[in-house]
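Notes for the one structure printed next.
One-based numbering, in listed order, for ligands and for the atoms of each.
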Amino acid sequence: MELLWQPGKIGPMDVKNRVVRSATNEHLSEPNGDFTQAWVDTQVELAAHEVGLVITGHICVDRTQRNDIGQPAIDRATDPALLRQAAERVHAYGGKLVMQLSHTGIKAPEAVNGRPPKGPADFTAEELDQLTENFVFAAKLCRDCGFDGVQIHHAHGYLLSEFLNPEENTRTDEYGGSLENRFRLPGQIIRAVKEACGPEFAVLVKMNSNGCGDLPGALRLFEESGVDAIEVSGVDFAGRPGVKEPFYLKDLLAAREGIRTPLILVGGMFSRETAEQVLAQGIDFAAFCRALICQPDFAARMKRGEESACLACNGCYRVYRQRGVRCVQHAEPIPQLEKLFST
Ligand SMILES: Cc1cc2nc3c(=O)[nH]c(=O)nc-3n(C[C@H](O)[C@H](O)[C@H](O)COP(=O)(O)O)c2cc1C
């Protein structure tokens with residue numbers, strides 16, 4: 001019996017299979033950060049082709065600190081109509097929809113935002129409380145628009161991953177130093193979001209297997225904070241072009257002892273066989289990013305036994321901020337992107 005197509009559970013969320021679309025910055029906002037129809041269509045297309053859980057690209061909870069000109073922001077200026085539409089249409093295909101919420105931290109270019117980026121040391125305690133409020137506001141809006149949950153982004157060098165990283169978090173107050181202190185802000189945000197959104201709304205996190213200082217300790221703290229699932233990636237995910245094996249599996253297997261929270265692994269999976277091997281080791285969900293950039297219907301193809309056409313070349317990562325062709329191997333641009341960039 002194949003594990004990939006078995007239903008799974010993430011907190012209150014019943015997921016029809018074990019296939020997750022790992023968050024992928026769609027680069028599909030209006031220049032001011034508003035959501036677009038093309039962004040909605042991208043989520044729906046994945047659900048229409050067998051992705052059980054669609055996690056959106058990272059959405060910035062502070063419009064003044066976006067990662068790039070195509071990254072959506074979520075705040076009081078966000079029009080809920082497109083978000084509602086996204087949730088309804090993903091649900092119509094039997095999929096679940098989770099928004100990844102993020103603060104860009106030191107990776108927010110001044111050229112995009114007109115102001116310098118902010119790392120952990122640049123926030124006052126009041127600003128950290130405001131940031132927590134921003135995450136809470138965004139999560140409540142997602143819940144009210146019919147999303148199934150949010151994933152709070154703690155990976156890849158963005159702000160919350162910097163807080164966890166002992167080398168990047170230089171604070172000397174209660175938010176820096178020991179793992180417990182570095183976890184104070186993530187824990188504060190998770191608890192506030194959970195309290196505001198209630199038990200019927202899933203709260204997930206994505207974290208680095210490396211770059212957090214202490215993977216077993218961080219997994220434990222996330223579990224104690226009550227998250228519904230932990231997705232494990234790595235700070236260096238873009239540094240392994242051509243590698244088609246689950247490159248964070250070993251670290252996760254070594255660190256997960258005693259963890260009962262559902263685990264999602266991402267990184268280097270491009271085939272049904274590999275994903276099955278990962279699930280067979282007790283990982284609950286298999287997440288895919290580049291395979292689904294290359295072929296948004298990859299999950300359906302995988303179900304039919306097809307291999308991914310993705311070369312894992314990382315071309316998509318290099319070009320996606322510059323132009324609307326996501327997979328550099330595609331002769332044809334992805335239609336939604338073509339439409340957006342031609343207007
Ligand atoms: C073009 C591109 C955009 C990405 N955007 C995000 C993002 O918004 N949030 C996130 O957590 N990870 C993002 N990632 C990382 C992926 O989710 C994933 O962790 C990584 O690509 C490894 O998975 P893969 O081997 O299946 O591609 C992005 C990766 C690529 C290539």
Side-chain angles (χ1 to χ4, degrees), residues 19-29 39 42-43 46 51 53-61 66-68 70-74 98-105 107-108 150-162 204-211 229-249 251-252 264-272 274-275 278 283 285-296 298-299 302 308-330 334 337:
V19 180
V20 176
R21 185 277 199 128
S22 200
T24 303
N25 185 349
E26 294 86 6
H27 190 70
L28 283 176
S29 75
W39 180 88
T42 302
Q43 320 305 325
L46 294 159
V51 175
L53 169 58
V54 178
I55 303 180
T56 73
H58 66 151
I59 309 296
C60 196
V61 298
R66 288 190 298 148
N67 190 207
D68 60 75
Q71 186 194 23
I74 182 163
V98 161
M99 183 179 283
Q100 190 184 57
L101 300 177
S102 168
H103 186 290
T104 321
K107 292 172 91 171
V150 289
Q151 183 185 62
I152 302 175
H153 195 1
H154 294 79
H156 307 160
Y158 296 105
L159 185 70
L160 296 177
S161 111
E162 290 185 287
L204 292 70
V205 292
K206 185 169 183 176
M207 66 173 298
N208 291 321
S209 54
N210 46 17
I230 305 171
E231 180 177 357
V232 175
S233 180
V235 74
D236 57 345
F237 77 87
R240 301 163 199 251
V243 181
K244 287 190 158 191
E245 57 191 49
F247 29 78
Y248 301 121
L249 178 64
D251 287 351
L252 179 56
I264 306 171
L265 183 72
V266 69
M269 278 179 278
F270 294 89
S271 73
R272 194 164 78 178
T274 313
V278 166
I283 305 299
F285 291 84
F288 304 83
C289 167
R290 287 168 296 168
L292 289 166
I293 292 176
C294 180
Q295 294 166 302
F298 169 66
M302 179 166 66
S308 167
C310 178
L311 302 179
C313 71
N314 284 352
C316 54
Y317 192 67
R318 286 195 301 275
V319 304
Y320 82 109
R321 292 197 179 97
Q322 281 92 50
R323 62 184 168 96
V325 182
R326 295 294 295 280
C327 176
V328 292
Q329 309 299 336
H330 274 123
I334 293 172
L337 294 166

Original post:
Does Glu231 use its side chain to pair, donor to acceptor, with the backbone of Val266 at less than 3.5 Å?
Top reply: no

Subject >> Atoms in ligand 1 with a heavy atom of Gly268 nearer than 4.0 Å >> reply: 24 (P), 25 (O)

Original post:
Heavy-atom contacts under 4.0 Å between Asn314 and ligand 1: side chain, backbone, both, or neither?
Top reply: neither

Original post:
What atoms in ligand 1 come closer than 4.0 Å to a heavy atom of His156?
Top reply: 10 (C), 11 (O), 12 (N), 15 (C), 19 (O)

Original post:
Sub-3.5 Å donor-acceptor pair from the side chain of Gln43 to the main-chain atoms of Trp39, do we have one?
Top reply: yes

**OP:** Determine whether any heavy atom of Ser233 lies closer than 4.0 Å to an atom of ligand 1.
**Re:** yes

**OP:** Pull out every atom of ligand 1 sitting under 4.0 Å from any heavy atom of Gln100, numbered as shown with elements.
**Re:** 7 (C), 8 (O), 9 (N), 10 (C), 11 (O)

Original post:
Of all residues at least two apart in sequence or in a different chain, which pass the ring pair (Phe, Tyr, Trp, His ring centres under 6.0 Å) check with Phe237?
Top reply: His156, Tyr317

Subject >> Atoms in ligand 1 flagged as close to Ile293, the criterion being non-hydrogen separation under 4.0 Å >> reply: 1 (C)

Original post:
Who gets closest to atom 10 (C) of ligand 1 by heavy atom: Lys206, Glu245, His58?
Top reply: Lys206

**OP:** Report the member of Ala238, Cys289, Gly234 with the shortest heavy-atom distance to atom 16 (C) of ligand 1.
**Re:** Cys289

Original post:
Is there a side-chain contact between Tyr248 and Asn210 (heavy atoms, below 4.5 Å)?
Top reply: yes

Subject >> Per-atom contacts of ligand 1 with Ser22, taking only distances under 4.0 Å to non-hydrogen atoms >> reply: 17 (O)

Original post:
Which is closest to atom 23 (O) of ligand 1 by heavy-atom distance: Val266, Thr56, Thr24?
Top reply: Val266

Subject >> Enumerated ligand 1 atoms positioned under 4.0 Å from heavy atoms of His153 >> reply: 9 (N), 10 (C), 11 (O)

